[in-house]
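Counting starts at 1 for both ligands and their atoms, in listed order.
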Amino acid sequence: MDQLSSLIKGKFGKDLITLGTIDSTNTFAMELAEGGATHGTVVIADRQTSGKGRLGRAWLSPAGVNIYMSLILRPFVRPEDATLLTVIAAISCARALRDITRLPISVKWPNDLMIAERKAGGILVEIKSIGRKIVFAVVGIGINVNSDRNDFPPVLTGSATSLKIETSREQPRNLLIAGILNEIERWYDAFSGGKKKLLLDEWRNLSSTIGKTVTIKAGDEVLIGTAEDIDTSGMLLLKLPSGNIKTIHTGDLTILG
Ligand code: BTN
């Protein structure tokens, strides 16, 4: 991974731990952070045996082809603003992937990296907080880089894709990793410097959700409405058929059209 270190411009990823096989880079990074690992430490694995997705789902993590990476942050963010870390990661990934592959990557609320209707990556932020303070956060990023169509199980072939499938050529994993880390640092610094509006506007630019009719499944509740916007904490503002606006904290979103 020497080549990777030389591509990383800033502080995020200077402390870099590269692993062969691990259960989950997020679980490993949470343990490292618990043990005192510093802000900006990055864990990357070649393969995960229990990769975690949102809402308790598994994240398919075959060897040698994709990105499985977790970044440890010790952020000055209120727990209710933790979703903004997902916003930062999502726009950073989308921008880096667009720059390097030229693909029209968009962001589907809250954490999906999309190419048209198919998912090419996702973000899982886990936090440890004590009272009203976030002690650390782990930003987990999974990108389907060089998976082939037949690497996906039949149940995912209609909804998942990879950068290689979309461009018909192998994509450079290390360049993508470094590009993502460099972008995260830039957007994280902007956020820390008070430029929250810039961040939210960039999310809106890259979003494939805003303005669409959507359904949201949260627990037993299924809501339908128009995705109006995100608020200043990164929550989705859903306009219900009644005209009322409901703030959505989490859930499984499907775009209807
Ligand atoms: C999702 O879309 O549901 C989020 C997927 C996040 C997957 C990444 S892969 C690296 C990190 N380690 C994990 O176990 N999960 C995240």
Side-chain angles (χ1 to χ4, degrees), residues 1 4 12-13 16-34 37 41-73 82-83 85-94 96-97 105-115 117-128 136-147 151-153 155-156 158-163 173-174 176-177 180-181 184 206-209 216-218 234 236 249-255:
M1 288 274 182
L4 173 57
F12 288 4
L16 181 64
I17 296 163
T18 55
L19 305 165
T21 299
I22 189 77
D23 51 356
S24 150
T25 56
N26 261 35
T27 305
F28 189 82
M30 290 292 280
E31 286 163 13
L32 280 184
E34 202 65 71
T41 301
V42 169
V43 178
I44 297 174
D46 200 46
R47 166 177 175 252
Q48 298 183 119
T49 52
S50 302
K52 297 186 284 186
R54 275 179 73 243
L55 308 170
R57 294 186 183 130
W59 186 257
L60 193 71
S61 309
V65 281
N66 295 329
I67 294 174
Y68 318 113
M69 156 163 93
S70 299
L71 165 68
I72 296 171
L73 296 176
T83 303
L85 298 176
T86 303
V87 170
I88 291 173
I91 60 181
S92 302
C93 290
L97 267 50
I105 310 284
S106 65
V107 176
K108 180 163 89 76
W109 188 88
N111 74 322
D112 292 346
L113 296 161
M114 307 295 293
I115 304 171
E117 259 92 75
R118 291 198 164 85
K119 178 160 168 167
I123 292 148
L124 176 68
V125 175
E126 298 187 80
I127 60 171
K128 156 102 185 245
F136 58 79
V138 166
V139 179
I141 296 171
I143 313 277
N144 300 331
V145 179
N146 288 319
S147 282
D151 291 332
F152 293 106
V155 65
L156 287 181
S159 59
T161 191
S162 76
L163 305 180
R173 262 197 307 170
N174 281 352
L176 288 160
I177 292 169
I180 291 168
L181 290 173
I184 296 184
L206 293 164
S207 163
S208 55
T209 310
I216 301 197
K217 211 164 157 272
L236 186 74
H249 298 249
T250 187
D252 209 7
L253 181 143
T254 306
I255 296 177

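If you check which protein heavy atom lies closest to atom 3 (O) of ligand 1, you get Arg54 N, 2.7 Å. Closest to atom 5 (C) of ligand 1, if we only count protein heavy atoms, is Trp59 CE3, 3.4 Å. Atom 9 (S) of ligand 1 has as its closest protein heavy atom Gln48 NE2, 3.4 Å. Atom 2 (O) of ligand 1 has Lys119 NZ, 2.5 Å as its closest protein atom, hydrogens excluded (heavy atom only). Nearest protein neighbour of atom 15 (N) of ligand 1, counting heavy atoms only, is Lys52 O, 2.7 Å. Distance from atom 1 (C) of ligand 1 to its nearest protein heavy atom, with residue and atom name: Asn111 ND2, 3.3 Å. Counting only heavy atoms of the protein, atom 10 (C) of ligand 1 lies nearest to Thr25 OG1, 3.2 Å.
Side chains of Ile141 and Thr25 form no contact here, defined as non-hydrogen atoms less than 4.5 Å apart. Side chains of Asn111 and Leu124 form no contact here, defined as non-hydrogen atoms less than 4.5 Å apart.
Against a heavy-atom cut-off of under 4.0 Å, Gly53 is close to the following atoms of ligand 1: 1 (C), 3 (O), 4 (C), 5 (C). Near Gly51, the atoms of ligand 1 lying under 4.0 angstrom from a non-hydrogen atom of the residue are 14 (O).
In this structure, Val42 and Phe12 approach most closely via the heavy-atom pair CG2-C, 4.4 Å. When all heavy atoms are compared, the tightest approach of Gly121 to Trp59 is C-CH2, 3.9 Å. Shown here for Ile216 and Gly251, the closest heavy-atom pair between the two residues is CG2-CA, 4.2 Å. The nearest pair of heavy atoms linking Ser24 to Lys52 is OG-CE, 3.6 Å.
Residues Asn66 and Ser162 bring no donor and acceptor atom of their side chains to less than 3.5 Å of each other.
Using a cutoff of 4.0 Å between basic side-chain nitrogens and carboxylate oxygens, Asp112 and Arg54 are not scored as salt-bridged.
Atom CD1 of residue Ile143 and atom CZ of residue Arg173 lie 12.5 Å apart, to the nearest 0.5 angstrom.
Between Tyr68 and ligand 1, no N or O atom pair is found at a separation short of 3.5 Å.
Residue-ligand proximity: Met69 is placed with a non-hydrogen atom under 4.0 Å from ligand 1.
No part of Leu55 comes within 4.0 Å of ligand 1, judged by heavy-atom distances. Contacts between Ile141 and ligand 1, counted as non-hydrogen atom pairs separated by less than 4.0 Å, involve the backbone only.
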